[in-house]
2 protein chains.
Amino acid sequence: MTTYAADPYSAACPSRQLLDRVGDKWTVLVIGTLAGGPRRYGDIARAVEGVSQKMLTQTLRHLERDGLVTRTVHAQVPVRVDYELTELGRDLIAPLGVLHRWARDHIGEIVAARAAYDAREQRG
Amino acid sequence: MTTYAADPYSAACPSRQLLDRVGDKWTVLVIGTLAGGPRRYGDIARAVEGVSQKMLTQTLRHLERDGLVTRTVHAQVPVRVDYELTELGRDLIAPLGVLHRWARDHIGEIVAARAAYDAREQRG
DNA sequence: CAGGATCCGTCTCGATACTG
DNA sequence: CAGTATCGAGACGGATCCTG
């Protein structure tokens, strides 16, 4: 059995790897879209406004590789591809929700802090 | 009073802004270092292994701007600068802890999923 | 419909050199 | 000691064109 360092200062640290994934631009949005159930590629593309084909595909591939999402190709014409959160993926929703709620509840303070900081900068 | 969209698909969304900050390479590590109390610049630099001066300074400035960290310059020779988490900053430790524990508990599944995925890729 | 391939600008990050 | 300034490589992300 392999053990993983709890030391966050290592590149191999679980937190580092998760944050690298979660931190990129579209991952969380895609997970959020899939939280409601399976979705087709095109539906996700429309739901996640502003995402390019390239980025959406790349994000989905990463999620699939990490076992957070399953990709199902239906043999139809035209092709239909469904994406769905795995149990692991659904399990991640809760921790992300914690972060989301924190952000929602404290963003006001952060914005205020930024304004104050920038005002101080302005005066030198 | 300003309200902020709960819609994560907006760039102005609190979650987006928080994730942009949390997602970058050094932020979480620096917060982790400061979780134990105030630290001097040099101490942080040594604790967060691999960080460059530039990145550390930039990270600390961002945290300061967001009101998560205070910067205190002591008039001494040589200069001494202490960084300390604000209440808001300390408040963020808990949500990050949730994510950290999730990562620790599930990284094994993710690594296994990656291995399986890559093996499948290999065979074409 | 669901991508794959390619080009290209932007931004991030690290290394290095210098400073009050 | 605690930064600032500058440069260059590479990653990231968007737009466009093409395909089974």
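Keep in mind the model is a prediction, meaning the values are calculated, not measured.
Of the candidate nucleotides D:dG13, C:dG3, C:dG20, C:dG20 has the atom nearest to the side chain of B:V79. For B:W26, the side-chain atoms get nearest to C:dG14 when compared with the rest of C:dG14, C:dG4, D:dA2. Between C:dG3, C:dG14, D:dC1, one nucleotide has an atom nearer to the side chain of A:Y41 than all others, and that is C:dG3. Closest to the A:M55 side chain, of the nucleotides C:dG3, D:dG13, D:dG3, is D:dG13. Minimum atom distance to the side chain of A:V81 is reached by C:dG3, of the listed C:dG3, C:dG14, D:dG3.
Listed for the A:R101 side chain is no donor-acceptor partner under 3.5 Å among the backbone atoms of A:L96. For the pair B:T86 (side chain) and B:G67 (backbone), a donor-acceptor distance under 3.5 Å is present. A donor-acceptor contact shorter than 3.5 Å is absent between the side chain of B:T33 and the backbone of B:I44. For the pair A:W102 (side chain) and B:D91 (backbone), a donor-acceptor distance under 3.5 Å is present.
The C1' atoms of five pairs define one axis at each end of the helix from C:dC1-D:dG20 to C:dG20-D:dC1, and these two axes lie 50° apart (to 10°).
Computed from coordinates, the A:D43 CG to C:dG3 P distance equals 12 Å when rounded to whole Å. The nearest whole Å value for the distance from the CZ atom in B:R40 to the P atom in D:dC1 is 7 Å. B:Q58 places its CD atom 13 Å from the P atom of D:dA5, with the value rounded to the nearest Å. Atom pair A:Q53:CD and D:dG13:C1' shows a separation of 14 Å (rounding to whole Å applied). Residue B:D82 contributes atom CG, which lies 12 Å from atom C1' of D:dA2 at whole-angstrom precision. The distance from atom CG of B:L56 to atom P of C:dA15 is 14 Å, rounded to the nearest whole Å. In this structure, B:Y83 atom OH and D:dG3 atom C1' are separated by 8 Å, rounded to whole Å. If you take CD of A:E121 and C1' of D:dT4, they are 14 Å apart, rounded to a whole angstrom.
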Salt bridge (Lys or Arg N to Asp or Glu O under 4.0 Å) assessment of B:R21 paired with B:D66: CA-CA 9 Å; B:R21 177 71 59 251; B:D66 288 351; 2.7 Å; yes
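Salt bridge status for B:R114 with B:D118: absent, with no side-chain N to carboxylate O gap under 4.0 Å. Look at B:R40 and B:D43 and you find no salt bridge, because none of the NZ, NE, NH1 or NH2 atoms lies under 4.0 Å from a carboxylate O.
Side-chain contact of B:Y83 with B:R71: a donor-acceptor pair under 3.5 Å is present, judged by distance alone. Between A:T57 and A:Y41, the side chains place a donor N or O and an acceptor N or O closer than 3.5 Å (distance only, hydrogens not considered).
Counting non-hydrogen atoms under 4.0 angstrom, A:K54 reaches a base of the nucleic acid.
Distance check: B:I31 CD1 to B:L92 CG gives 5.0 Å after rounding to the nearest 0.5 Å.
Nearest-nucleotide assignment on DNA chain C puts the 5′-proximal partner with A:R46, out of B:K25 and A:R46.
Near DNA chain D, defined here as any heavy-atom distance below 4.0 Å, there are no residues from residues 59-68 of chain A.
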